[in-house]
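Beneath this line is the structure, given in structure tokens, with notes to follow.
Because the structure is a prediction, the values reported are computed rather than measured.
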Amino acid sequence: MGKVSVWVIVACLYPAEAGVFAGRVVEDHSGNPLSRAEIRITRPHTAGIIAEIETDADGRFRTPDLPDADYVLRFSRFNYATVEVTTHARSGMLLRMVRFGAIAGRIADFEGHPVPYSRVVALTPSDAIVGTEDQNRPRGEYRIYGLAPGSYQVAILTSGESRTRRGVLLYPNNSAPRDFTVSGGEDYTGADFTLPDGPAFRVSAKADGS
């Protein structure tokens, strides 16, 4: 997945030691510290990596001594939006990373038997397919993760990749599809498709708070 542009706050609490970046990385939604966030340091408009470090168990980081100059710090962690900050060395940095959301459910007939399907996707308002489908789920189950903050609809694709084509079933129905809002780490579960032997279908769902 490509880098997602998400605005974050970087707080400079006190003057920096010369040539050192230091601070803490937390989850934006909860404020909890983020361990093992990867930090890659480069120079603006210059190829090559200056240094790579990780946050510790308390979400803290500290770089080696660096020459006085502007640097680009790229913060990344699985299932979080990547953040880039361009600045001079400073300590007391506080960086907040936004966690991606997920939507999950089952696809079954009225007797509860799993129903084969070609693909389940999350769609943006512009019909772009986003997120990643978990390929290791049991038959008849789906989970789409890696959803950046935004609004989404869920669809079963049985042919083509556009809701304007035949074979696209939206949740909970094509006439009034539901919007799933992700603002930071929401994990929607129980978005279950129950499909009869025809084009009509009904679903039920719940959302777990994160």
Side-chain angles (χ1 to χ4, degrees), residues 1-8 26-32 34 37 75-83 96-196 198-210:
M1 176 181 296
K3 183 181 72 178
V4 178
S5 297
V6 177
W7 188 82
V8 297
V26 301
E27 182 183 76
D28 182 68
H29 189 65
S30 66
N32 294 329
L34 287 178
F75 296 80
S76 61
R77 194 175 190 274
F78 175 74
N79 210 37
Y80 284 80
T82 297
V83 178
R96 311 183 72 92
M97 295 185 72
V98 176
R99 182 158 63 99
F100 290 140
I103 305 171
R106 300 178 66 248
I107 303 172
D109 60 23
F110 280 123
E111 296 181 351
H113 300 134
V115 173
Y117 62 94
S118 107
R119 190 179 178 193
V120 180
V121 299
L123 300 171
T124 67
S126 64
D127 267 2
I129 295 175
V130 295
T132 302
E133 186 177 1
D134 187 346
Q135 300 298 320
N136 297 316
R137 305 290 289 182
R139 175 183 171 86
E141 296 185 9
Y142 74 91
R143 185 172 188 270
I144 303 167
Y145 62 92
L147 299 174
S151 180
Y152 304 97
Q153 294 175 355
V154 178
I156 301 174
L157 300 185
T158 57
S159 65
E161 294 193 352
S162 168
R163 73 180 71 191
T164 59
R165 301 181 185 179
R166 295 183 58 188
V168 177
L169 304 178
L170 292 169
Y171 168 86
N173 56 63
N174 286 13
S175 59
R178 175 181 170 177
D179 292 325
F180 292 87
T181 299
V182 173
S183 59
E186 286 82 359
D187 194 343
Y188 293 94
T189 63
D192 300 335
F193 290 87
T194 302
L195 307 181
F201 66 100
R202 65 178 180 83
V203 298
S204 61
K206 64 179 180 180
D208 289 344
S210 58

Inset, instruction - Report yes if the distance between the aromatic ring centroids of Phe75 and Tyr80 is under 6.0 Å, otherwise no. - result: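 No; Tyr80 has its ring centre 6.0 Å or more from that of Phe75.
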
Check: [Y] and [X] side chains under 4.5 Å, non-hydrogen atoms:
X      : Y      : value
Ile156 : Ile107 : yes
His29  : Val98  : no
Thr124 : Ser151 : no
Ile144 : Val120 : yes
Met97  : Val26  : no
Ile129 : Arg119 : yes
Leu147 : Ile103 : yes
Val182 : Tyr152 : yes

Any chance you could measure [X], atom [atom1], to [Y], atom [atom2], to the nearest 0.5 Å?
X      : Y      : atom1 : atom2 : result
Tyr171 : Gln153 : OH    : CD    : 11.5 Å
Arg106 : Thr194 : CZ    : OG1   : 8.0 Å
Asp28  : Arg99  : CG    : CZ    : 11.0 Å

Legend entry - For Tyr142, ring pair (Phe, Tyr, Trp, His ring centres under 6.0 Å) partners two or more places apart: none

How far apart are the closest heavy atoms of [X] and [Y], and which atoms are they?
X      : Y      : result
Asp134 : Asn136 : OD1-N, 2.9 Å
Ala176 : Pro172 : O-CD, 3.4 Å
Thr82  : Ser76  : OG1-CB, 3.9 Å
Ala155 : Leu170 : CB-CD2, 3.5 Å
Gly140 : Pro114 : CA-CB, 3.8 Å

Inset, instruction - Report the residues that fulfil salt bridge (Lys or Arg N to Asp or Glu O under 4.0 Å) with Arg137, sequence neighbours left out, ordered by chain and then residue number. - result: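 Glu141.
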
Inset, instruction - Could you tell me which residues satisfy salt bridge (Lys or Arg N to Asp or Glu O under 4.0 Å) with Arg143, sequence neighbours excluded, listed by chain and number? - result: Asp187

Inset, instruction - Would you please say whether a donor-acceptor pair under 3.5 Å links the side chains of Tyr145 and Glu133? - result: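 Glu133 and Tyr145 do not have a side-chain donor-acceptor pair below 3.5 Å.
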
Legend entry - Polar side-chain atom of Glu186 near backbone of Gly184 as donor-acceptor pair, under 3.5 Å: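 Here the side-chain-to-backbone pair exists.
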
